[in-house]
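Report on the following structure.
All figures in this text were calculated on a predicted structure; none of them were measured in a lab. In this chain, residues are counted from 1 in sequence order.
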Amino acid sequence: MGSDNSTMAESLMGQKGSSYTMAGNLHHGASVALDTAHTNSMIDLVESDTCKPFIIPIVGLLVGAAMMQAPKAATVGKLVLYFGAQSFMNIFMAWVFRTHITVAKGTMVGDRALETNLYGCPVGFALTAMQQFISFFCFLILYAMLYATPHKITPKKISSMKEV
């Protein structure tokens with residue numbers, strides 16, 4: 001490997017200018033566990049500004065769904081799934097309001113025309129209203145899908161004033 005203190009990576013880096021990876025050295029015919037030539041586009045997609053905010057919610061949804069399969073972890077799994085769903089909804093709504101063109105370029109403001117589009121929207125009550133509308137719409141779709149199955153959603157009947 002060279003000197004006594006050199007590492008495997010240092011010795012491979014010295015071989016004809018190749019770059020060492022954990023997957024192997026593709027340029028010199030070594031066997032590899034993963035062809036790194038194909039992973040570049042996957043990494044670019046995950047590192048893009050579009051996908052990056054959705055990583056944590058998606059992981060929350062997947063981990064929560066997996067935890068719900070184990071009876072001992074089902075309650076915690078529901079909380080993790082809820083966290084993933086709410087995080088996903090918040091990020092989605094932020095994206096909707098961030099990409100909306102509020103005032104188009106060319107609009108006259110005072111005595112001048114806007115040179116670029118103005119994006120965004122004041123979200124105060126609008127964000128809450130949109131989240132509730134979309135959540136309700138998703139619930140209606142779920143209700144309709146489950147209506148003809150044995151898992152039909154039926155609300156509990158209130159039998160006394162104490163339950164109100």
Side-chain angles (χ1 to χ4, degrees), residues 7-10 12-13 18-27 30-105 107 109 114-156 158 163-164:
T7 64
M8 178 101 150
E10 289 170 347
L12 287 173
M13 287 295 286
S18 68
S19 55
Y20 171 78
T21 66
M22 292 296 287
N25 195 341
L26 291 173
H27 302 290
S31 60
V32 295
L34 175 68
D35 184 0
T36 56
H38 300 291
T39 59
N40 208 14
S41 61
M42 290 184 287
I43 291 170
D44 289 344
L45 177 67
V46 171
E47 287 184 352
S48 73
D49 288 337
T50 303
C51 291
K52 195 183 295 185
F54 294 101
I55 292 172
I56 292 175
I58 290 172
V59 169
L61 290 171
L62 294 174
V63 169
M67 289 175 74
M68 287 179 60
Q69 303 308 311
K72 288 185 176 182
T75 303
V76 176
K78 288 177 186 175
L79 292 172
V80 173
L81 189 67
Y82 178 78
F83 166 76
Q86 287 300 312
S87 298
F88 191 87
M89 178 63 86
N90 286 337
I91 291 169
F92 171 71
M93 295 310 298
W95 176 80
V96 166
F97 283 114
R98 182 178 65 242
T99 58
H100 172 73
I101 297 175
T102 307
V103 182
K105 71 178 179 179
T107 303
V109 178
L114 288 177
E115 296 177 12
T116 59
N117 291 329
L118 294 179
Y119 293 90
C121 182
V123 293
F125 291 112
L127 180 62
T128 303
M130 287 287 289
Q131 283 181 327
Q132 289 179 353
F133 174 76
I134 290 173
S135 296
F136 182 70
F137 185 70
C138 290
F139 172 76
L140 288 179
I141 291 171
L142 177 68
Y143 183 79
M145 288 174 35
L146 295 177
Y147 189 78
T149 69
H151 305 291
K152 178 181 175 181
I153 299 171
T154 52
K156 179 184 173 188
I158 298 174
E163 292 180 352
V164 176

Checklist entry - Rounded to the nearest 0.5 Å, how far does NE2 of His151 lie from CE of Met145? => result 12.0 Å
Next on the checklist: Would you say that Val80 contacts Met68 through its side chain, given a criterion of any heavy-atom pair below 4.5 Å between the two side chains?
Outcome noted: no
Checklist entry - Which word best sums up how the rings of Phe137 and Phe133 line up, parallel for under 30°, tilted for 30 to 60°, or perpendicular for over 60°? => result parallel
Next on the checklist: Using a 6.0 Å cut-off, check whether atom CD of Glu163 has over 12 heavy atoms from anything other than its own residue.
Outcome noted: yes
Checklist entry - In Å and rounded to the nearest 0.5 Å, what is the CG to CZ distance from Leu61 to Phe83? => result 9.5 Å
Item to check | Smallest separation among heavy atoms of Ser87 and Pro57, with atom names | outcome: CB-CG, 3.7 Å
Next on the checklist: To check you understand the geometry: which heavy-atom pair defines the closest contact between Phe92 and Phe54, and what is its length?
Outcome noted: N-CE2, 4.1 Å
Item to check | From Thr154 atom OG1 to Leu146 atom CG, the distance as rounded to the nearest 0.5 Å | outcome: 11.0 Å
Checklist outcome for this item: To the nearest 0.5 Å, atom CG of Leu142 lies from atom CD1 of Ile153 at 4.5 Å
Item to check | side-chain contact (heavy atoms from CB on, under 4.5 Å) assessment of Leu81 paired with Met67 | outcome: CA-CA 9 Å; Leu81 189 67; Met67 289 175 74; over 6 Å; no
Item to check | Heavy-atom pair with the smallest gap, counting every atom of Asn117 and Lys105 | outcome: OD1-N, 2.7 Å
Next on the checklist: I want to check something: taking the side chain as every heavy atom from C-beta on, are Leu62 and Val59 in contact at a cut-off of under 4.5 Å?
Outcome noted: no
